[in-house]
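Down below is the structure, laid out as structure tokens.
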Amino acid sequence: MKIKSKLSTIIQKALNNANIETSDIVISDATKPEFGDYQFNGIMKLAKQLRKNPREIASTVIEKIDTTNIIEKVEVAGPGFINIWLSNKWLANEATDILDDPRVGVGFVEKPQKVVVDYSGPNMAKQMHVGHLRSSIIGDTIATLLEFLGNDVIRQNHIGDWGTQFGMLIAYLEEQGADGNQNLKDLEQFYKDAKKRFDESDEFANKAREYVVKIQQGDPHCLELWQKFIDISLQHCEDVYKKLSVKLTRDDVRAESFYNPRLPKVVETLQNRGLLVDSNGAKCVFLDGSDVPVIVQKGDGGYLYATTDLAGLEFRAKDLKANRICYVVDARQGEHFKQVFTIAKKADMVDNSVQLEHIAFGTMMDKSGKPFKTRDGGTVKLIDLLDEAVIRAKETIKQRNTHSQEELDKVANAIGIGAVKYADLSINRESNYLFSWDKMLSFDGNTALYMQYAYARIGSIFRKYDGELKGQIIIDDEIEHRLALIILKFEDTLLKASKEATPHTITSYLYDLVTIFMKFYEQNPILKDDIEPDIKMSRLLLSKLTANVIKKGLDILGIEVVDKI
RNA sequence: GCACUCGUAGCUCAGCUGGAUAGAGCACCCGCCUUCUAAGCGGGCGGUCUCAGGUUCGAAUCCUGACGGGUGUACCA
């Protein structure tokens with residue numbers, strides 16, 4: 001339900017009827033319950049323009065506000081705020097209407113866009129590590145969210161499958177012969193072993209260099225080995241995606257190497273547009289205000305990542321015909337994206353109407369505030385981190401002793417993985433964030449577990465009640481009013497989250513929803529003997545709706561719910 | 001040096017396209033289970049929103065500057 005937009009329309013009409021001209025009506029959530037459900041703060045500004053007393057204007061305006069349906073009452077408060085209370089009856093009817101709606105009241109956007117979301121982007125030479133975690137889950141959430149709202153989303157996994165280190169890896173793979181496949185199980189070790197050989201043996205090092213050239217020239221044997229290597233490495237990533245419930249598949253892979261044939265054309269285009277300058281042998285673009293160039297071709301003829309990204313931008317805009325292109329990449333690359341976005345538009349590789357966005361995120365820190373590493377300073381493998389999350393989750397729920405072994409595995413998986421993802425998604429993505437097992441696996445506060453627990457509690461109600469679910473929601477008190485209202489705010493929340501690409505908007509919402517539900521649950525008994533049948537049904541329906549929103553909300557975040565904890 | 005970014009309760013974080021007395025969780029203290037999952041709920045304690053100016057009827061929010069932390073800055077990605 002787009003409540004804010006409905007209220008804007010009503011206020012707009014009221015202002016028109018009061019002969020006041022204005023353009024943008026911004027409706028805000030009320031800052032406190034005493035101030036109603038929503039407020040309109042624009043009167044003070046208008047009063048200034050009209051050189052009139054704001055309270056007087058507000059009083060005139062509220063006379064004109066239509067209170068026959070959505071709005072229960074309005075009030076002038078303070079220097080000229082208009083506070084708005086929604087009607088219980090309206091909330092109850094709207095909530096009842098979406099009981100069987102799988103979208104829980106969320107519509108489709110009016111103008112669907114074609115959106116490319118570029119995320120995850122692992123390097124094929126190494127195993128996925130914690131550095132890939134944020135991009136993978138933030139990107140997946142944004143893609144899922146945009147898709148759910150009705151946009152045409154194209155996921156792009158820009159995997160690193162090209163570069164000098166591959167010569168070394170492939171040479172080593174060949175040297176290992178049949179054992180190569182076996183040894184590739186541990187990519188990290190394989191890389192280390194190859195590097196060791198490279199450093200020890202000149203003969204091997206030379207061979208590795210030869211292989212780089214051979215791959216680039218398209219030597220069939222080398223390409224075959226390379227392909228084999230990429231397949232196995234990609235399989236590792238897919239194992240991680242599966243464990244993480246990240247929806248990326250092989251169809252979404254658009255590797256770095258894909259753009260190789262297009263790189264000379266990028267340089268040519270820039271040349272033709274007169275953007276290219278030769279500097280110290282390298283081909284560069286100088287953007288105004290900076291002495292430091294963006295290099296697109298090295299002195300030795302090699303290309304750089306700016307070149308690849310430019311080719312990617314052009315491909316996405318022209319071939320994929322995207323209206324919006326989102327790069328879910330570490331904040332440290334902010335300058336790089338600013339540069340390539342500017343160049344791409346200047347060179348008409350991307351039309352001006354295309355929205356280019358760097359969805360930046362901060363670094364994952366450990367308890368002491370330093371970048372997250374293993375005890376000996378190495379990078380933490382993602383798969384290890386996830387396994388540990390599940391083990392820890394299992395420890396915490398074992399005490400309950402309510403599950404069979406099979407259930408325990410399933411529940412621990414949902415809770416452990418959910419905890420890791422939620423902890424990441426629930427903070428403003430642009431700031432660095434502190435990774436804490438204790439915090440993320442707590443039942444208290446804004447955690448996945450708290451949401452999952454609420455869902456399970458509702459599940460418990462319905463295990464006890466197995467009658468029909470049919471009837472009308474009746475709003476009887478303050479807490480039911482708040483619960484119905486927040487359920488109907490789901491769409492406004494998702495719209496905000498998609499506009500700003502901020503998953504934490506969704507987690508904050510879910511936390512508020514669940515907090516209100518928990519209060520409702522404490523205050524308003526449902527299955528007690530002395531509850532009137534229509535009240536009982538209404539409360540059951542409100543619980544059911546709450547569960548539906550929790551489930552859908554967590555689903556967008558890529559987190560599973562369980563019926564029992 | 002220059003650019004970007006952050007600075008809110010003891011800790012971790014919301015709030016930032018200007019609005020009313022700045023909010024949560026953790027920690028600490030006090031209550032509530034013969035009652036739908038107490039891994040819950042209620043109450044209390046806790047603040048010069050880094051500092052100084054400015055714009056405004058109104059600033060945590062916008063502007064300028066200072067201080068402090070992080071990051072990036074020519075042939076890696």
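Remember, it's a predicted structure, so these values are computed and weren't measured experimentally. Reminder, nothing fancy here: chain letters follow the sequence lines and each chain counts from 1.
Remark: A/K519 is in phosphate contact with B/G42, judged by side-chain N or O atoms under 4.0 Å from OP1 or OP2. Put simply, A/K48 has a side-chain N or O that comes within less than 4.0 Å of OP1 or OP2 on B/C57.
Look at CG on A/L510: it is 17 Å from P on B/G25, rounded to the nearest Å. Protein atom OH of A/Y305 is 11 Å distant from nucleotide atom P of B/G72, rounded to whole Å. Nucleotide B/G23 holds its C1' atom 11 Å from the OH atom of A/Y511, rounded to whole Å. A/N446 places its CG atom 8 Å from the C1' atom of B/G25, with the value rounded to the nearest Å. Going from atom CD of A/E34 over to atom C1' of B/G23 covers 14 Å, rounded to whole Å. Nucleotide B/U37 holds its P atom 16 Å from the OH atom of A/Y450, rounded to whole Å. For A/Q49 and B/C57, the CD to P distance is 13 Å, given to the nearest whole Å.
Two residues, A/K398 and A/I295, neighbour RNA chain B, and the one matched to the more 5' nucleotide by heavy-atom proximity is A/K398. Nearest-nucleotide positions on RNA chain B place A/K338 closer to the 5' end than the other of A/K338 and A/P525.
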>> As a check on the pairing definition, encode RNA chain B in dot-bracket form, counting Watson-Crick and G-U wobble pairs whose two distances are under 3.5 Å, and using | for partners outside this strand.
In response: (((((((..((((.....[...)))).(((((.......))))).....(((((..]....))))))))))))....

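Nucleotides B/A24 and B/G47, compared at atom P, are 15 Å apart to the nearest Å. B/U55 and B/U64 are spaced 15 Å apart, taking the P atom of each and rounding to whole Å. The P atoms of B/G53 and B/C41 are separated by 43 Å, rounded to the nearest whole Å. B/C29 sits 27 Å from B/A22 when the P atoms are compared, rounded to a whole Å. Spacing of P atoms, B/A66 relative to B/G72, comes out at 23 Å, to the nearest Å. When the P atom is compared between B/A9 and B/U5, the two are found 22 Å apart, to the nearest whole Å. Atom P of B/U12 sits at a distance of 13 Å from the matching atom of B/G7, rounded to the whole Å. Taking atom C1' in both B/A74 and B/G70, the straight-line distance is 24 Å, to the nearest Å.
Taking the six-membered ring for Trp and the full ring otherwise, A/Y119 and A/H158 have centroids separated by 6.0 Å or more. Side-chain rings of A/F517 and A/F520 approach one another, their centers coming within less than 6.0 Å. Proximity of the aromatic rings of A/F81 and A/F40 is defined here by a centroid distance below 6.0 angstrom, and this criterion is not met. Proximity of the aromatic rings of A/Y211 and A/F166 is defined here by a centroid distance below 6.0 angstrom, and this criterion is not met.
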> How would nucleotides 6-19 of chain B be written as a contact map, 5' to 3', with B for base contact, S for sugar-phosphate-only contact and - for no contact, using protein heavy atoms under 4.0 Å?
Replying inline: ------SSSS---B

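Of the possible donor and acceptor atoms, none in the side chain of A/R429 sits under 3.5 Å from a partner among the backbone N and O of A/T502.
Using bins of under 30°, 30° to 60° and over 60° for the plane-to-plane angle, the ring pair A/Y450/A/Y511 lands in the tilted bin.
Figure legend: A/R254 and A/F258 shown as a cation-pi pair, the cationic atom lying under 6.0 angstrom from the six-membered ring centre and within 45 degrees of its axis. For the pair A/K4 and A/Y38, the NZ or CZ position fails the cation-pi test of under 6.0 Å to the six-membered ring centre and within 45 degrees of the ring normal.
The base of B/A3 lies outside donor-acceptor range of the side chain of A/D291, with no N or O pair under 3.5 Å. Judged by distance alone, with hydrogens and angles left aside, A/T308 brings no side-chain donor or acceptor close enough to the base of B/A77 to form a pair under 3.5 Å.
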